[in-house]
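Beneath this line is the structure, given in C-alpha coordinates, with notes to follow.
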Amino acid sequence: MRLNLKNTASAVLVLLPASPALASTPTALPARHLGIGDIFGAAALPVQFVILLLTATIVAAPILLALGRASKLGVLAKGAPLLALAACLFTLLAGAVGIANSPAVPSLTVLAPGFAESLFLLVLGALATFSAVVCRELARPRGLA
(Lines give C-alpha, C1' and ligand atoms only; values in the text may rest on other atoms or scores of the structure.)
Protein backbone atom coordinates (compact mmCIF):
# COMPACT_ATOMS: atom_id res chain seq x y z
CA MET A 1 0.00 0.00 0.00
CA ARG A 2 1.42 3.34 -1.04
CA LEU A 3 1.26 6.36 1.25
CA ASN A 4 -0.90 9.08 -0.20
CA LEU A 5 0.12 12.58 0.90
CA LYS A 6 -3.43 13.87 0.56
CA ASN A 7 -4.80 11.15 2.88
CA THR A 8 -2.01 11.77 5.37
CA ALA A 9 -2.68 15.50 5.40
CA SER A 10 -6.41 14.96 5.86
CA ALA A 11 -5.71 12.50 8.69
CA VAL A 12 -3.64 15.13 10.46
CA LEU A 13 -6.37 17.72 9.95
CA VAL A 14 -8.96 15.34 11.40
CA LEU A 15 -6.75 14.70 14.45
CA LEU A 16 -6.11 18.42 15.00
CA PRO A 17 -9.35 19.24 16.86
CA ALA A 18 -9.21 16.01 18.88
CA SER A 19 -6.07 16.84 20.81
CA PRO A 20 -3.47 19.44 19.96
CA ALA A 21 -0.72 17.08 21.13
CA LEU A 22 -1.72 14.58 18.45
CA ALA A 23 -1.53 17.15 15.65
CA SER A 24 2.25 17.14 15.22
CA THR A 25 3.36 16.39 11.72
CA PRO A 26 5.82 13.53 11.17
CA THR A 27 8.27 15.81 9.34
CA ALA A 28 8.59 18.20 12.30
CA LEU A 29 9.55 15.62 14.93
CA PRO A 30 12.87 14.20 13.66
CA ALA A 31 14.44 17.67 13.42
CA ARG A 32 13.54 18.53 17.03
CA HIS A 33 13.08 16.35 20.10
CA LEU A 34 9.86 16.55 22.09
CA GLY A 35 10.33 18.23 25.48
CA ILE A 36 8.18 19.08 28.47
CA GLY A 37 7.53 22.58 27.12
CA ASP A 38 6.40 21.08 23.82
CA ILE A 39 4.02 18.75 25.64
CA PHE A 40 2.56 21.64 27.63
CA GLY A 41 2.31 23.90 24.60
CA ALA A 42 0.56 21.29 22.48
CA ALA A 43 -1.92 20.27 25.18
CA ALA A 44 -5.55 21.35 25.09
CA LEU A 45 -6.40 24.34 27.29
CA PRO A 46 -8.19 22.30 30.01
CA VAL A 47 -5.23 19.92 30.15
CA GLN A 48 -2.82 22.85 30.44
CA PHE A 49 -4.87 24.07 33.40
CA VAL A 50 -4.64 20.64 35.04
CA ILE A 51 -0.86 20.56 34.44
CA LEU A 52 -0.56 23.94 36.17
CA LEU A 53 -2.74 22.76 39.07
CA LEU A 54 -0.68 19.60 39.56
CA THR A 55 2.55 21.61 39.42
CA ALA A 56 1.13 24.03 42.00
CA THR A 57 0.19 21.06 44.20
CA ILE A 58 3.77 19.78 44.12
CA VAL A 59 4.99 23.18 45.32
CA ALA A 60 2.09 23.86 47.72
CA ALA A 61 2.51 20.76 49.89
CA PRO A 62 5.82 21.79 51.52
CA ILE A 63 4.53 25.35 51.85
CA LEU A 64 1.42 24.15 53.68
CA LEU A 65 3.63 22.04 55.94
CA ALA A 66 5.83 25.04 56.75
CA LEU A 67 2.78 27.23 57.48
CA GLY A 68 1.35 24.63 59.85
CA ARG A 69 -1.66 23.82 57.69
CA ALA A 70 -0.94 20.12 57.37
CA SER A 71 -4.63 19.23 57.67
CA LYS A 72 -5.07 20.39 54.05
CA LEU A 73 -2.48 17.91 52.77
CA GLY A 74 -4.95 15.02 52.82
CA VAL A 75 -7.08 16.82 50.26
CA LEU A 76 -4.09 17.26 47.97
CA ALA A 77 -3.02 13.64 48.43
CA LYS A 78 -6.47 12.33 47.51
CA GLY A 79 -7.32 14.80 44.76
CA ALA A 80 -4.08 14.93 42.76
CA PRO A 81 -4.12 11.36 41.41
CA LEU A 82 -7.79 11.58 40.47
CA LEU A 83 -7.31 14.88 38.67
CA ALA A 84 -4.27 13.56 36.82
CA LEU A 85 -6.08 10.37 35.83
CA ALA A 86 -9.11 12.32 34.58
CA ALA A 87 -6.91 14.58 32.42
CA CYS A 88 -4.96 11.57 31.14
CA LEU A 89 -8.15 9.79 30.13
CA PHE A 90 -9.47 12.98 28.51
CA THR A 91 -6.33 13.15 26.36
CA LEU A 92 -6.50 9.46 25.43
CA LEU A 93 -10.22 9.71 24.64
CA ALA A 94 -9.66 12.75 22.43
CA GLY A 95 -6.88 10.88 20.63
CA ALA A 96 -9.06 7.80 20.17
CA VAL A 97 -11.86 9.91 18.71
CA GLY A 98 -9.37 11.52 16.35
CA ILE A 99 -8.05 8.14 15.25
CA ALA A 100 -11.58 6.81 14.75
CA ASN A 101 -12.47 9.79 12.55
CA SER A 102 -9.26 9.61 10.55
CA PRO A 103 -9.51 8.28 6.99
CA ALA A 104 -5.98 6.87 7.20
CA VAL A 105 -4.19 5.19 10.07
CA PRO A 106 -1.86 7.79 11.62
CA SER A 107 1.74 6.81 12.22
CA LEU A 108 3.25 6.34 15.64
CA THR A 109 5.20 9.56 15.11
CA VAL A 110 1.90 11.43 14.93
CA LEU A 111 0.44 9.63 17.95
CA ALA A 112 3.51 9.74 20.22
CA PRO A 113 3.02 13.35 21.48
CA GLY A 114 -0.47 12.45 22.70
CA PHE A 115 0.87 9.41 24.52
CA ALA A 116 3.65 11.55 26.00
CA GLU A 117 1.06 14.05 27.23
CA SER A 118 -0.94 11.29 28.92
CA LEU A 119 2.13 9.82 30.61
CA PHE A 120 3.29 13.29 31.65
CA LEU A 121 -0.05 13.86 33.39
CA LEU A 122 0.28 10.57 35.26
CA VAL A 123 3.81 11.44 36.37
CA LEU A 124 2.70 14.87 37.60
CA GLY A 125 -0.18 13.27 39.51
CA ALA A 126 2.19 10.79 41.14
CA LEU A 127 4.65 13.56 42.08
CA ALA A 128 1.89 15.75 43.51
CA THR A 129 0.55 12.85 45.55
CA PHE A 130 4.04 11.92 46.72
CA SER A 131 4.72 15.50 47.79
CA ALA A 132 1.45 15.74 49.74
CA VAL A 133 1.78 12.34 51.42
CA VAL A 134 5.41 12.89 52.46
CA CYS A 135 4.59 16.31 53.89
CA ARG A 136 1.54 14.91 55.70
CA GLU A 137 3.65 12.16 57.24
CA LEU A 138 6.34 14.66 58.25
CA ALA A 139 3.68 16.70 60.03
CA ARG A 140 2.44 13.81 62.17
CA PRO A 141 5.41 13.48 64.56
CA ARG A 142 5.39 17.22 65.18
CA GLY A 143 1.69 17.18 66.03
CA LEU A 144 0.58 19.38 63.12
CA ALA A 145 -1.75 16.87 61.48
Side-chain angles (χ1 to χ4, degrees), residues 3 7-145:
L3 182 66
N7 286 345
T8 304
S10 63
V12 170
L13 290 176
V14 169
L15 290 173
L16 183 62
S19 175
L22 294 176
S24 300
T25 58
T27 57
L29 290 178
R32 187 164 177 254
H33 294 285
L34 186 66
I36 293 173
D38 299 323
I39 293 171
F40 179 79
L45 192 58
V47 176
Q48 286 180 343
F49 181 68
V50 170
I51 289 171
L52 291 175
L53 279 176
L54 291 171
T55 305
T57 300
I58 294 168
V59 174
I63 293 172
L64 287 173
L65 177 65
L67 294 175
R69 299 187 187 266
S71 60
K72 307 292 184 203
L73 293 171
V75 174
L76 297 179
K78 292 175 185 172
L82 296 176
L83 183 63
L85 182 63
C88 173
L89 293 175
F90 171 79
T91 299
L92 290 175
L93 178 65
V97 168
I99 292 169
N101 291 329
S102 176
V105 178
S107 69
L108 188 57
T109 308
V110 173
L111 299 175
F115 296 143
E117 181 181 319
S118 296
L119 292 172
F120 182 62
L121 286 162
L122 290 178
V123 168
L124 279 179
L127 287 174
T129 304
F130 177 77
S131 177
V133 168
V134 167
C135 288
R136 185 180 63 193
E137 293 302 314
L138 286 174
R140 284 196 176 150
R142 298 191 304 187
L144 297 175

Please say whether more than 12 non-hydrogen atoms of neighbouring residues, nucleotides or ligands are located less than 6.0 Å from CZ in Phe40. yes

Quick one: are Val110 and Ser107 in side-chain contact, heavy atoms under 4.5 Å?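 Answer yes - side chains close enough.
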
Compare every heavy atom of [Y] with every heavy atom of [X], then report the nearest pair and how far apart it is.
X      : Y      : value
Val47  : Glu117 : CG1-OE2, 3.3 Å
Gly114 : Thr91  : O-CG2, 3.8 Å
Arg136 : Ala77  : NH1-CB, 4.0 Å
Thr129 : Pro81  : OG1-CD, 2.9 Å
Gly125 : Ala84  : CA-CB, 3.4 Å
Ala132 : Leu73  : CB-O, 3.7 Å

Scan the side chains in residues 54-68 for donor-acceptor partners under 3.5 Å anywhere in the protein, sequence neighbours excluded, and list what turns up.
from, atom 1, to, atom 2, distance (Å)
Thr55, OG1, Ile51, O, 2.8
Thr57, OG1, Leu53, O, 2.8

Approximate separation, where rounding is to 0.5 Å, of Ser118 OG and Leu93 CG: 10.5 Å

Is there any salt bridge (Lys or Arg N to Asp or Glu O under 4.0 Å) pair reaching into residues 35-51, and which pairs are they, with sequence neighbours excluded? Arg32-Asp38

Sorted by chain and residue number, the side-chain contact (heavy atoms from CB on, under 4.5 Å) partners of Val75 (sequence neighbours excluded) come out as none

For Leu89, side-chain contact (heavy atoms from CB on, under 4.5 Å) partners two or more places apart: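 Partners of Leu89 under the side-chain contact (heavy atoms from CB on, under 4.5 Å) test: Leu85.
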
